[in-house]
Amino acid sequence: MSSGRSIPTVDRISDLPESILFHILSFLPTKFAATTMILSKRWKPVWGSLLILNFDDKAFNDFQTFRKFVYSTLFSSSRDKKTSIQSLTLKLGVSSLFKQREFNRIFKFVMQRGVKNLNFNIFYKKRCIKLPIRILSCKTLQVLTLENVKLWDFDKVDFPCLKTLHLNRVEFKSPKYFVKFLCGCPILEDLNARSRFLRKSLDPVENLNALPNLVKAKICYDMYDLMTLVCNTRILHLEQLRGMPWKTLPMFHNLTHMELYFYHSSKEGECRSLIEILPHFPNLQHLSVIHVCSECLKVSPNLTIAPECLSSQLKTFRFDCYRGKCDFNFVKYIMQHSKVLETMTIKSFGLTKNQMFMKLSSCTMSSATCLLLFD
């Protein structure tokens with residue numbers, strides 16, 4: 001039977017240390033984090049000292065409301081001017097009408113507060129923003145993500161702490177500017193470059209020094225003339241082939257993981273068999289072929305010596321585009337020459353698992369312990 005007395009509530013969350021409150025708010029878009037000010041007086045200074053700011057105009061009804069919120073968050077008197085900003089995400093769409101000088105002011109503000117993570121995303125494809133040059137000298141940045149911005153004229157890039165760089169639809173004036181950009185990232189470990197060039201250089205970019213600390217690289221579109229830059233990487237994803245310079249392909253001595261997603265080259269004679277280029281990856285242990293043209297899969301009958309990576313290194317092989325005779329000969333060659341292979345996974349959109357099994361299970365497999373799997 002109820003005594004009729006109410007049980008007093010205890011606000012346990014507000015009693016948590018500030019470091020934990022900051023961590024909780026870091027998972028929220030800044031618009032929703034701001035609403036915590038109404039909970040109690042305890043939350044107001046926490047909100048004013050947020051280390052991670054995430055602005056997305058999709059969460060607002062109109063641009064003027066969004067702009068006012070961004071400015072009040074960054075430049076209001078309630079914000080502690082000495083508080084650092086660890087991360088800034090600024091996502092803008094069709095309705096965003098920031099002027100170039102406003103971008104300059106925002107980036108200057110976060111740079112002065114030692115920003116480490118910057119995500120600048122213009123997801124309106126018809127509008128390409130020129131990135132403020134001042135951000136290219138941000139010595140505290142560790143992670144930089146840019147989407148749909150222009151990087152045309154700049155003299156120097158100085159990112160001494162940058163380890164992760166993701167460029168999606170970033171437009172450079174020429175390949176030389178892309179090289180200049182990467183030269184300013186001496187300790188880069190993770191590179192994802194889906195970039196394009198306003199114009200191609202008349203002269204090839206020469207004397208490229210590989211990024212010494214690179215661990216992971218994803219190269220897309222017309223970036224293939226610059227493969228020397230990434231030849232130290234351990235993980236490599238190649239996508240959308242547009243004239244791969246096979247003849248000048250450097251050696252990838254550190255590479256252990258590779259994923260290929262190639263389209264057919266538009267120029268006759270540019271495709272080379274993957275088997276023929278495998279010697280450039282002597283320590284390759286994991287290979288995934290998502291999609292390649294038939295020219296890339298041809299196996300020459302004149303091949304007498306298997307690439308070193310097949311005979312002594314390759315442990316896993318995945319083939320996601322199995323179709324017919326050319327594919328069969330390629331997979332068969334991998335099976336016959338990969339002595340330490342542990343798993344081979346085959347996926348096809350045109351053949352049943354039983355059809356693939358009947359065809360491939362009759363082939364000689366060099367590795368006695370390899371599992372043949374069908375996805």
Side-chain angles (χ1 to χ4, degrees), residues 116-120 131 135-147 149 151 154 156-170 172 174-197 204-242 244-246 248-262 274 277-290 308-309 313-316:
K116 296 179 181 179
N117 186 334
L118 176 62
N119 183 345
F120 186 37
L131 187 72
I135 204 66
L136 300 182
S137 60
C138 185
K139 299 183 186 301
T140 57
L141 269 184
Q142 297 178 10
V143 179
L144 176 61
T145 302
L146 300 174
E147 182 164 352
V149 298
L151 274 167
F154 54 88
K156 185 180 179 182
V157 174
D158 189 11
F159 290 139
C161 298
L162 195 71
K163 293 186 177 182
T164 300
L165 176 63
H166 289 183
L167 305 173
N168 189 18
R169 300 199 313 275
V170 174
F172 288 88
S174 71
K176 289 187 177 181
Y177 278 90
F178 177 74
V179 173
K180 184 188 292 187
F181 191 96
L182 292 186
C183 287
C185 313
I187 65 170
L188 193 65
E189 296 178 359
D190 183 350
L191 171 65
N192 187 332
R194 301 174 63 91
S195 299
R196 56 197 177 202
F197 305 122
V205 182
E206 299 178 350
N207 301 321
L208 300 181
N209 294 317
L211 296 166
N213 299 301
L214 200 62
V215 175
K216 182 179 180 181
K218 184 174 183 178
I219 305 296
C220 309
Y221 302 132
D222 54 357
M223 312 297 293
Y224 293 100
D225 290 336
L226 310 172
M227 292 291 284
T228 301
L229 284 167
V230 299
C231 68
N232 280 335
T233 189
R234 301 176 203 167
I235 303 170
L236 179 63
H237 175 105
L238 299 180
E239 184 175 329
Q240 298 190 16
L241 174 63
R242 297 288 193 278
M244 169 70 85
W246 301 117
T248 58
L249 191 67
M251 293 294 293
F252 287 74
H253 291 287
N254 299 329
L255 192 73
T256 58
H257 294 68
M258 183 162 66
E259 186 173 272
L260 305 176
Y261 194 108
F262 284 176
L274 293 179
I277 67 167
L278 284 179
H280 291 268
F281 316 104
N283 294 299
L284 183 63
Q285 298 178 19
H286 307 278
L287 173 62
S288 294
V289 180
I290 309 301
E308 181 181 350
C309 63
Q313 298 294 329
L314 194 66
K315 295 180 179 179
T316 67

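Here the structure is a predicted model, which means the values were calculated and not measured.
Considering every non-hydrogen atom in both N232 and P212, the closest pair reads ND2-CA, 3.7 Å. Residues M227 and L236 approach most closely at CE-CD2, 4.4 Å, considering heavy atoms. When every heavy atom of P250 is checked against every heavy atom of H280, the shortest pair comes out as O-ND1, 3.3 Å. Summarising the geometry of A210 relative to T228, their closest heavy-atom pair is CB-O, 3.3 Å, with the distance given to 0.1 Å. Nearest heavy-atom pair across L191 and I219 is CD2-CD1, 4.4 Å. Closest non-hydrogen pair, L151 versus F181, comes out as CD1-CE1, 3.6 Å.
Distance check: C183 SG to F178 CZ gives 10.0 Å after rounding to the nearest 0.5 Å. Interatomic distance, L141 CG to I135 CD1, rounded to the nearest 0.5 Å: 5.5 Å. Annotation: the span from T233 atom OG1 to M258 atom CE amounts to 11.5 Å, rounded to 0.5 Å. To the nearest 0.5 Å, atom CG of residue L162 and atom CG of residue L188 are 6.0 Å apart. For the atom pair N213 CG and E189 CD, the distance stands at 6.5 Å (nearest 0.5 Å). Here CG of N192 is found 9.0 Å from OG1 of T145. Values are rounded to the nearest 0.5 Å.
Contact of the L131 side chain with the L136 side chain is registered, since non-hydrogen atoms from C-beta on lie closer than 4.5 Å. Looking at C309 and L314, their side chains never come closer than 4.5 Å, going by heavy atoms from C-beta outward. Side-chain contact between K216 and H257 is absent, with no heavy-atom pair separated by less than 4.5 Å. Residues H166 and D190 are in side-chain contact: their nearest non-hydrogen atoms beyond the backbone lie under 4.5 Å apart.
Judged purely by atom type and a 3.5 angstrom limit, T256 has no side-chain atom pairing as donor or acceptor with the backbone of L284. Here the side chain of K180 pairs a donor or acceptor atom with the backbone of F154 at under 3.5 angstrom. No donor-acceptor distance shorter than 3.5 angstrom exists from the side chain of N168 to the backbone of E147, with no hydrogens or angles considered. Listed for the N283 side chain is a donor-acceptor partner under 3.5 Å among the backbone atoms of H253.
When the shell of 6.0 Å around NZ of K218 is examined, it contains more than 12 heavy atoms from other residues, nucleotides or ligands.
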Worked check of side-chain contact (heavy atoms from CB on, under 4.5 Å) between K163 and I187: CA-CA 6 Å; K163 293 186 177 182; I187 65 170; 4.1 Å; yes
Audit row: L214, L229, side-chain contact (heavy atoms from CB on, under 4.5 Å) steps and yes/no: CA-CA 9 Å; L214 200 62; L229 284 167; over 6 Å; no
Chi angles and distances behind the side-chain contact (heavy atoms from CB on, under 4.5 Å) call for L167, F172: CA-CA 11 Å; L167 305 173; F172 288 88; 4.0 Å; yes
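Ring orientation note: the planes of F252 and F281 are tilted relative to one another, at an angle of 30° to 60°.
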